[in-house]
Amino acid sequence: MAHLCKVYSRAFSTSAALKTVIKNVTVIGGGLMGSGIAQVAAATGHNVTMVDETDEILSRSTAAIERSLGRIAKKKFADSEKAQSSYVSDAMSRIQISINPVAAAKKSDLVIEAIVENLEIKQKFFTTMDAAAPSHTIFASNTSSLSIGEIASATKRRDRFGGLHFFNPVPMMKLVEVVKTPETSTDTFQQLVNFGKALGKTTVECKDTPGFIVNRLLVPYMMEAVRMLERGDATAKDIDTAMKLGAGHPMGPFELADYVGLDTTRFIINGWAAKFPDNPLSNPVSCLTN
Ligand SMILES: CCCCCCCCCCCCCC(=O)CC(=O)SCCNC(=O)CCNC(=O)[C@H](O)C(C)(C)COP(=O)(O)OP(=O)(O)OC[C@H]1O[C@@H](n2cnc3c(N)ncnc32)[C@H](O)[C@@H]1OP(=O)(O)O
Ligand SMILES: NC(=O)C1=CN([C@@H]2O[C@H](COP(=O)(O)OP(=O)(O)OC[C@H]3O[C@@H](n4cnc5c(N)ncnc54)[C@H](O)[C@@H]3O)[C@@H](O)[C@H]2O)C=CC1
């Protein structure tokens with residue numbers, strides 16, 4: 001496993017290392033992850049355009065961002081309602097919404113995709129964006145389980161393409177996995193690392209392998225939980241309780257799967273089962289495949 005991923009927690013000692021040329025960010029997909037990424041990017045001073053398919057979805061996304069910022073502001077500025085209000089309004093002022101990804105791409109230094117976990121849909125999307133975005137624009141996918149290289153293969157900017165894998169909920173989880181393919185340029189990779197740090201995240205570096213670091217370990221664990229349930233070894237509730245109290249996890253596997261979204265969960269499992277049919281770790285589990 002060691003050869004698959006090199007893990008660095010890069011501690012940049014010089015302020016220069018934290019400077020990033022990424023200022024204007026387009027986040028495609030205002031769902032669970034995209035809204036969180038947009039929020040954290042805006043709260044850390046970036047100009048953000050959040051794109052989704054309808055104004056109704058974007059209205060829900062914006063409301064979710066505002067609620068989340070309010071929860072954070074209450075803790076950050078417990079003694080000052082004025083400071084709380086300024087924190088929220090300042091971040092919100094940096095988020096534009098749009099249903100036009102092409103127009104958004106034209107003014108972006110970075111486009112982060114967080115749409116449905118489907119390779120063909122992501123590839124089709126990036127092919128369109130590749131034709132519209134300026135040549136300097138970096139593309140990144142927040143995919144959980146797909147190959148960054150396969151997504152990037154739909155574009156002509158494979159050197160300016162990487163993975164930025166955030167964790168749910170983005171405002172709370174400190175990690176971002178920065179993924180490079182063999183074709184990701186060193187400058188692109190460094191800019192993605194700098195961007196992750198500019199968002200206040202701890203970055204780890206990983207090669208473009210299935211599940212990167214966390215999901216490569218998390219998915220088999222969670223699938224084993226389903227097999228345990230299907231064998232009748234224990235109830236879902238007790239499995240969750242056991243992993244919280246016995247392993248110190250904040251959520252058990254079933255609670256977490258629900259939190260992630262059973263749609264995304266199913267996309268991941270089915271994708272890996274189809275791609276790696278002989279790997280016992282990705283064998284489908286009956287309750288999620290039929
Ligand atoms: C088993 C079924 C089949 C499985 C098969 C295979 C599965 C494949 C799936 C693979 C997963 C793919 C997903 C992925 O790519 C990678 C991931 O993201 S994995 C998920 C990683 N995340 C976690 O593990 C989350 C674990 N949970 C937690 O860390 C906490 O529970 C959480 C932070 C979510 C909530 O904190 P908690 O203390 O538990 O409770 P509260 O809700 O009261 O929150 C406390 C406090 O924290 C602040 N806060 C919480 N959420 C937010 C938010 N969204 N925004 C802002 N602030 C938030 C807040 O201050 C809360 O206090 P309040 O007083 O309530 O405001
Ligand atoms: N849910 C989770 O815990 C995590 C998910 N991810 C990954 O992030 C991506 C998004 O996942 P979620 O946010 O959970 O999904 P989601 O379903 O909550 O959000 C996806 C959003 O993308 C929008 N969308 C779909 N196609 C689009 C298009 N062509 N143009 C614009 N918007 C489009 C949808 O309307 C929806 O609002 C997936 O690749 C997933 O694997 C990564 C880490 C954690």
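Just follow the structure's listing: the first ligand is 1, and inside any ligand the first atom is 1. In this text the structure is predicted, and so the values were computed from the model without any measurement.
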For L164, the option from I148, T143, T203, I112 that meets side chain to side chain contact (heavy atoms under 4.5 Å, CB included): I112

From the candidates N100, T54, D52, the one that places a heavy atom nearest atom 36 (C) of ligand 2: D52

Element-labelled atoms of ligand 1 that are located less than 4.0 Å from some non-hydrogen atom of A257: 1 (C), 2 (C)

Contacting atoms of ligand 2, where contact means under 4.0 angstrom from a heavy atom of K122: 38 (C), 39 (O)

Atom 29 (N) of ligand 2 - nearest protein heavy atom and its distance: E53 OE2, 3.8 Å

Which residue and heavy atom of the protein sit nearest atom 6 (N) of ligand 2, plus the separation: S144 OG, 3.1 Å

Closest non-hydrogen atom pair between I239 and A225, with its separation: CD1-O, 3.9 Å

Plane angle bin for Y87 and F77 - parallel if under 30°, tilted between 30 and 60°, otherwise perpendicular: tilted

Donor-acceptor contact below 3.5 Å, side chain S68 vs main chain A64: no

Interfacing atoms of ligand 2 (cut-off 4.0 Å, heavy-atom, I57): 35 (O), 37 (O)

Closest protein heavy atom to atom 19 (O) of ligand 2, given as residue, atom name and distance to 0.1 Å: G31 CA, 3.3 Å

Carboxylate-amine/guanidinium contact R266 E117, below 4.0 Å: no

Residue selection (non-hydrogen contact nearest atom 17 (O) of ligand 2) among V116, D263, V170, N118: D263

Check: S68 N/O within less than 3.5 Å of ligand 1 N/O: yes

Distance filter under 4.0 Å to L256 heavy atoms, resulting ligand 1 atoms: 20 (C), 23 (C), 24 (O)

Protein heavy-atom partner closest to atom 4 (C) of ligand 2 - residue, atom, separation in Å: M33 CG, 3.4 Å

Polar side-chain atom of S93 near backbone of D90 as donor-acceptor pair, under 3.5 Å: yes

Heavy atom of the protein closest to atom 3 (O) of ligand 2 (residue, atom name, distance): N168 ND2, 3.0 Å

Option with minimal heavy-atom separation from atom 20 (C) of ligand 2, where the choices are S145, P169, A114: A114

Proximal candidate to atom 60 (O) of ligand 1 [heavy atom criterion; set K75, K74, R71]: K75

Distance filter under 4.0 Å to L32 heavy atoms, resulting ligand 2 atoms: 1 (N), 13 (O), 14 (O), 18 (O)

V214 contact mode with ligand 1 (heavy-atom cut-off under 4.0 Å): neither

Ligand 2 contact on T264 by region, counting heavy-atom pairs under 4.0 Å: side chain

Close approach of F166 to ligand 2, heavy atoms, under 4.0 angstrom: yes

Protein residue, atom and distance nearest to atom 1 (N) of ligand 2, heavy-atom basis: V260 O, 2.9 Å

Shortest protein heavy-atom distance from atom 38 (C) of ligand 2, along with the residue and atom involved: I115 O, 3.2 Å

Shortest heavy-atom approach to atom 8 (C) of ligand 1 - which of L32, L69, V219: V219

Proximity of L146 to ligand 2 by residue part, where a heavy atom lies under 4.0 Å: neither

Option whose closest heavy atom lies nearest to atom 26 (C) of ligand 1, chosen from P250, G261, S35, A73: P250

Whether H249 lies under 4.0 Å from ligand 1, heavy atom: no

Salt bridge flag under 4.0 Å for residues E120 and K124: no

Ionic contact status for R227 with E224, cut-off 4.0 Å: yes

Heavy-atom nearest neighbour of atom 9 (C) of ligand 1 within options E224, M228, R67, M222: M222

From N215, N168, L229 - option closest to atom 21 (C) of ligand 1 by heavy atom: N168

Nearest-neighbour protein heavy atom for atom 8 (O) of ligand 2, which is reported as residue plus atom name and distance: N142 ND2, 3.0 Å

Test item: N142 side-chain N/O and F166 main-chain N/O as donor-acceptor pair under 3.5 Å: yes

Test item, P253 contacting ligand 1 (heavy atom, 4.0 angstrom): yes

Under 3.5 Å donor-acceptor, D52 side chain and I57 backbone: no

G261 to ligand 2, any heavy atom closer than 4.0 Å: no

Whether R160 side chain and F139 backbone form a donor-acceptor pair below 3.5 Å: no

Exam field: side chain T137 to backbone S108, donor-acceptor pair closer than 3.5 Å: yes

E117: numbered ligand 2 atoms lying under 4.0 Å from its heavy atoms: 38 (C), 39 (O), 40 (C), 41 (O)

Non-hydrogen side-chain atoms of K74 and Q84 separated by less than 4.5 Å: yes

Donor-acceptor contact present, side-chain K201 to main-chain V193, <3.5 Å: no

Salt-bridge criterion met for E177 and R216 (N-O under 4.0 Å): no

